[in-house]
Protein chains: 2
Amino acid sequence: MKRKITLKHIARELDVSISTVSKALKNSEEIGQDTKEKIQAFAKLYNYRPNNIAISLKNKRTKNIGVIIPDIVHHFFTTVFRGIEQYANNKGYNVIVCVSDESFDKEVINMEMLANGSIDGFIMALAGETQLKNDFNHLKEVTEQGIPLVLFDRVTEDVQCDKVIINDEEAAYQAVKKLIASGRRKIALVTTEGYLNVSAKRAEGYFRALKEHHLPIDKDMILELPYQKDNEKKSEEFFRNRSIDAVLCVNEIFAVKCMGIVQRSGKRVPDDIAFIGFTDGILSRLSTPTLSSVDQHGELMGETAARMLIEKIERDHDQEEEEIFQTRIISATLVERESTLGSLK
Amino acid sequence: MKRKITLKHIARELDVSISTVSKALKNSEEIGQDTKEKIQAFAKLYNYRPNNIAISLKNKRTKNIGVIIPDIVHHFFTTVFRGIEQYANNKGYNVIVCVSDESFDKEVINMEMLANGSIDGFIMALAGETQLKNDFNHLKEVTEQGIPLVLFDRVTEDVQCDKVIINDEEAAYQAVKKLIASGRRKIALVTTEGYLNVSAKRAEGYFRALKEHHLPIDKDMILELPYQKDNEKKSEEFFRNRSIDAVLCVNEIFAVKCMGIVQRSGKRVPDDIAFIGFTDGILSRLSTPTLSSVDQHGELMGETAARMLIEKIERDHDQEEEEIFQTRIISATLVERESTLGSLK
DNA sequence: ACCGTATACGAAAACGGTTTCGTGTTGATA
DNA sequence: TATCAACACGAAACCGTTTTCGTATACGGT
């Protein structure tokens, strides 16, 4: 077992000082040509690599960024993560991921673990519980310590920091307009219980579109489903007893489930009833019929968040210009597929 | 901006030595009761937390584990990751993820980045390119340095380390047996080009089941698809020109795509043709009809890998008992759903 | 012979902890 | 009163780097 070699080993072996070795390996002008060559050759031979931890301690910069997301087995968060990871890696940063599992306590614990020197900055989407509790002290503590923070998707106005979001309201508005334009009038909304997270904004867009076209806003046309649990019966009941010709769903899972229910009851998609979902993932592309859905551009969001964070990190070290926090808005786009094909007869 | 407080600050403020502060915060018997209380109170007031990096440098242990996977936007890897993350977090470890993107070079670079002190051990699944190249020197270097390594799912016999795999051959065998038992005789296999990765083993199980039941093994009944690219036409042609009453697919994406093609051509699933896929993910649960598939228990795999790794890490520090490497096999299980319901008439 | 100045290198501090090994003070004991 | 242990704390080394500053040597110029 070849243990890792250090500057000290090289110094001892070649009978020079540690500082000489360090400088030689950086090709410093201070060191004689022959000494440099000798040291560099030796270092290459023994495959010397500087110890990251020691460098971190010295520089007070770890080249790590911390990502805290509510769930990793979730298409949207996963794509965002990929965007973050790619950009960060290109810039020489590593990514430490923690999953809050929608729990406030886990979010707090994870942040505290990482905030003590392990990372140079945070990228995160708030846990559901955190949004309900409306308690953001853990975030504030971190920013007060001068650790850069970028929130994405699930953000809050209570914390001053950079943010990346999509134009949920507008996207939902456009989607519903599209449904209306194809002749649909009885448009339902399937959303999460309590309009958690971004669902509220999507609902607003839905309302705006209806209003603009003088269509009635009917609470009875809104189905609220629990976030992760099954609720087949509730959905079946909803679609059985109503006359509906189009549905906007706040995610693709709800959309695909509902399409299944509707189809099993003998109706045809999109002929009798059209569907649009949010999150353009693998489900949308492979369902039958394929599902029209709003692409949230997760990868771009991740990349944007990472860029903003790394800029802050690398500028932070400079002087105290007035802190400026930005909110970037990524435009969601509707991807049309079979579930909205054609107009209502 | 409240900067992080250090032992030195506390020592200076309370006019004691750094060592006294360090011991007092560890509640050492060496320090007088009143001094301890004073120091602890001060530390709590200013919310002192030891710097992780400094501790890592001293202890030569980072409490970080490195995870390298080929793809993060992939249900199976994601579930494995969740298993790793949960177990590791419980044990006080953080997880650094790098995505190799199926590329040999990225895998090498990522490993080298992390191996220089950033992590205490690796968990990884090999990149496709690495498997093709059959070059595992980066893995060997890491293990020679005494860094523990656990491979999962995509493993190799060329590296001596702990491994976690599923019984792919047996699972495929059982799946095909099930198809045969329900009266199916013309069973096709849909696999990845070149039988990459674990596909080869699944094909073996398929062959064994056919052989055992004296069914012909016909290369013409095997469809090889490129890994990530679309190949609708090839698949359509395959199903159009053959008489097939059951299909085993090496992943759920292929299965759902093929089900779609078959259904659009007017055949019924499972009445005319049954389907079984691998990877029991969201697609299997939400496709129409729902797809029977082999659950690889990703979360359990991840947890197992993390447990094995952390055991090695924490034992490693002890003495040099003879290294023992284990290969744990997780039993995959077939989850039956609508796509295999009932027997062939 | 003296001074100045490159040249080439080493000593030491610093990053923020932990830990070993003193050591000054106190009180009890002989 | 001298001795000694117990107590309470500090000095210093160490982890592996980087970086500033100091200095020995040699050499050229006068």
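So that the names make sense, note that chain A is the first sequence line, chain B the second, and so on, each numbered from 1.
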Report yes if a side-chain nitrogen or oxygen of Thr20(B) is closer than 4.0 Å to either non-bridging phosphate oxygen (OP1 or OP2) of dC9(D); otherwise report no.
no
Which of dC9(C), dG17(C), dC9(D) is nearest the side chain of Ile31(A)? It is dC9(C)
For the base of dT17(D), is there a side-chain donor-acceptor partner from Lys58(A) under 3.5 Å away?
no
N/O (side chain, Tyr48(A)) to phosphate O (OP1/OP2, dG16(D)) under 4.0 Å:
no
Report yes or no: does Ser22(B) contribute a side-chain atom to a donor-acceptor pair with the main-chain N or O of Ile18(B) at less than 3.5 Å?
no
Any Ser22(A) side-chain nitrogen or oxygen under 4.0 Å from OP1 or OP2 of dT17(D)
no
Can you tell me the distance, in whole Å, between the CD1 atom of Ile55(B) and the P atom of dG16(C)?
13 Å
Gap between atoms CZ and P, on Arg61(A) and dT18(D) respectively (whole Å):
14 Å
Check step by step if ring-ring contact (aromatic ring centres under 6.0 Å, His included) holds for Tyr46(B) and Phe42(B).
CA-CA 6 Å; Tyr46(B) 285 93; Phe42(B) 189 92; 4.6 Å; yes
Whole angstroms only, please: what is the CG-P distance between Asn52(B) and dG16(C)?
13 Å
Output yes when at least one side-chain N/O atom of Lys8(B) is less than 4.0 Å from OP1 or OP2 of dC15(C), else no.
yes
Along DNA chain D (nearest heavy atom to each residue), the more 5'-positioned of Glu30(A) and Lys26(A)
Lys26(A)
Between atom CG in Leu57(B) and atom P in dG16(D), what is the gap in whole Å?
7 Å
His138(A) and Phe104(A): ring-ring contact (aromatic ring centres under 6.0 Å, His included), yes or no, with the steps?
CA-CA 10 Å; His138(A) 51 306; Phe104(A) 175 79; 5.2 Å; yes
Show, in sequence, the C-alpha distance, side-chain angles and deciding distance for Glu303(B) and Arg307(B), and conclude whether the salt bridge (charged side-chain N to carboxylate O under 4.0 Å, His left out) test is met.
CA-CA 6 Å; Glu303(B) 187 190 316; Arg307(B) 172 177 299 127; 3.0 Å; yes
Euclidean distance, atom CD1 of residue Ile18(B) to atom C1' of dA8(D) [Å, nearest integer]:
18 Å
Which residue, Asp34(A) or Leu7(B), contacts DNA chain C at a nucleotide closer to its 5' end, judged by nearest heavy atom?
Asp34(A)
Need one value for Thr35(A): base, sugar-phosphate or nothing, where a base atom within 4.0 Å counts as base even if backbone is also close, heavy atoms only.
sugar-phosphate
For the CG atom of Leu149(A) and the CD atom of Gln160(A), what is their distance to the nearest 0.5 Å?
11.5 Å
Is the phosphate of dG10(C), meaning OP1 or OP2, less than 4.0 Å from a side-chain N or O of Ser19(A)?
no
Would you mind reading off the distance between Ile10(A) atom CD1 and dT17(D) atom C1', rounded to a whole angstrom?
12 Å
Starting at atom CD of Gln33(A), determine the distance to atom P of dC9(C), rounded to an integer number of angstrom.
11 Å
Separation of dC9(D) P from Asp15(B) CG (nearest whole Å):
12 Å
Using a heavy-atom cut-off of under 4.0 Å over every strand shown, decide if Lys23(B) touches base, sugar-phosphate, or nothing.
base
